[in-house]
Amino acid sequence: AQSVTQLDSQVPVFEEAPVELRCNYSSSVSVYLFWYVQYPNQGLQLLLKYLSGSTLVESINGFEAEFNKSQTSFHLRKPSVHISDTAEYFCAVSDPFSGNTPLVFGKGTRLSVIA
Amino acid sequence: NAGVTQTPKFQVLKTGQSMTLQCAQDMNHNSMYWYRQDPGMGLRLIYYSASEGTTDKGEVPNGYNVSRLNKREFSLRLESAAPSQTSVYFCASSVPRVTDTQYFGPGTRLTVL
């Protein structure tokens, strides 16, 4: 079964500094990979996803993630964070060939942006 | 287009009471899911329904039952609530295998005293 490890439970960072949120998954076979964001007191929203093609995927608000098959990683990065990026971020994985099995989520990384 | 809606938003129960959490989606999605979210535990899947008429257990199904009433609605029932079921519950839906993107409702915050 797939599993996802988010290596940092909390990441504090100053405003306008770069940030990297780390995600590793267990399987080396084909995968779909996702990052979701949860703002305070809200549900999860899709931030970006990798299905196939270019290994670098971007979101509309400046985040990017790179699929690295050899390291089974899908780290999320932003070159300059804003206060509004304060949220919890979840990495998730699915197996395209396993039928209707649900996404597997990591335990989340809480990003706190400090003014 | 409301997406995924959940009712109620908040609920307080006493130990042993029962209740049903309601979820509906208007995106014509085949699959629906119930998760609970607890501090430091991330999201844990309780039950899911791959299509109308089917349900399957997830990681933490004990103490819960589900009903896929039709394609739009998927309810979660606590028959005899326990303090360990204090949590935030999220419903989600998706079109599996197309993109696997899940769309989440706003959540129900449940406290069991």
Side-chain angles (χ1 to χ4, degrees), chain A residues 1-10 21-25 27 30-53 57 59 65 67 74 87-111, chain B residues 2-7 9-10 21 23 25 27 29-61 66 68 74 88-109:
Chain A
Q2 293 273 10
S3 66
V4 176
T5 303
Q6 291 185 242
L7 295 159
D8 305 295
S9 60
Q10 296 186 63
L21 307 183
R22 296 178 293 170
C23 172
N24 287 89
Y25 60 95
S27 174
S30 296
V31 291
Y32 292 160
L33 292 158
F34 305 80
W35 276 100
Y36 282 81
V37 58
Q38 183 182 31
Y39 298 106
N41 299 312
Q42 294 186 26
L44 279 71
Q45 307 171 33
L46 180 68
L47 186 61
L48 49 76
K49 62 188 177 188
Y50 169 79
L51 304 180
S52 65
V57 290
S59 72
F67 169 55
F74 191 55
E88 190 150 19
Y89 293 79
F90 293 91
C91 184
V93 64
S94 72
D95 180 350
F97 303 111
S98 67
N100 284 333
T101 53
L103 295 180
V104 175
F105 285 87
K107 293 192 186 305
T109 298
R110 187 172 297 276
L111 174 64
Chain B
V4 179
T5 58
Q6 292 182 238
T7 56
K9 285 186 168 47
F10 301 94
L21 281 65
C23 174
Q25 52 91 9
M27 296 175 283
H29 287 170
N30 295 327
S31 297
M32 298 185 73
Y33 313 84
W34 277 107
Y35 295 89
R36 59 178 289 172
Q37 184 179 26
D38 302 290
M41 303 294 289
L43 285 167
R44 292 184 291 171
L45 183 67
I46 305 171
Y47 271 94
Y48 67 103
S49 170
S51 60
E52 188 178 354
T54 68
T55 61
D56 287 283
K57 294 179 180 179
E59 182 185 353
V60 289
V66 290
R68 183 73 183 265
F74 188 39
V88 182
Y89 291 86
F90 288 100
C91 177
S93 70
S94 72
V95 179
R97 308 296 83 155
V98 175
T99 65
D100 275 2
T101 301
Q102 290 189 11
Y103 296 85
F104 284 79
T108 294
R109 188 173 295 273

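Because only heavy atoms are used, hydrogens play no part in the values below, and waters and symmetry mates are left out as well, while side chains stay in.
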Among B/Gln102, B/Met41, B/Arg44, which residue forms the greatest number of heavy-atom pairs with chain A at distances under 4.5 Å? B/Gln102
Is there a side-chain contact between B/Thr101 and A/Tyr32, using heavy atoms and a 4.5 Å cut-off? no
Taking the side chain as C-beta and beyond, is there a heavy-atom pair between B/Leu43 and A/Leu44 under 4.5 Å? yes
At a heavy-atom separation under 4.5 Å, does A/Leu46 approach chain B through its side chain, its backbone, both, or neither? side chain
Holding to salt bridge (charged side-chain N to carboxylate O under 4.0 Å, His left out), I want the full list of residues that pass it with B/Asp56, two or more places apart in sequence or in another chain. none
Locate the shortest heavy-atom distance separating B/Gln37 from A/Gln38; write the atom from each residue and the value. NE2-OE1, 2.8 Å
Check whether A/Gln6 gets within reach of chain B through its side chain, its backbone, both or neither, counting any heavy atom under 4.5 Å. neither
Of the non-hydrogen atoms in A/Gly43 and B/Phe90, which two are nearest, and what is the gap between them? CA-CE2, 3.4 Å
So what's closer than 4.5 Å to chain B heavy atoms on A/Gln45: side chain, backbone, both or neither? neither
For the atom pair CZ (A/Phe105) and CD (B/Glu59), what is the distance rounded to the nearest 0.5 Å? 12.0 Å
Distance in Å, A/Leu103 CG paired with B/Tyr35 OH, rounded so as to fall on 0.5 Å steps: 5.5 Å
Measuring from B/Phe104:CZ to A/Phe90:CZ, what's the distance to the nearest 0.5 Å? 9.0 Å
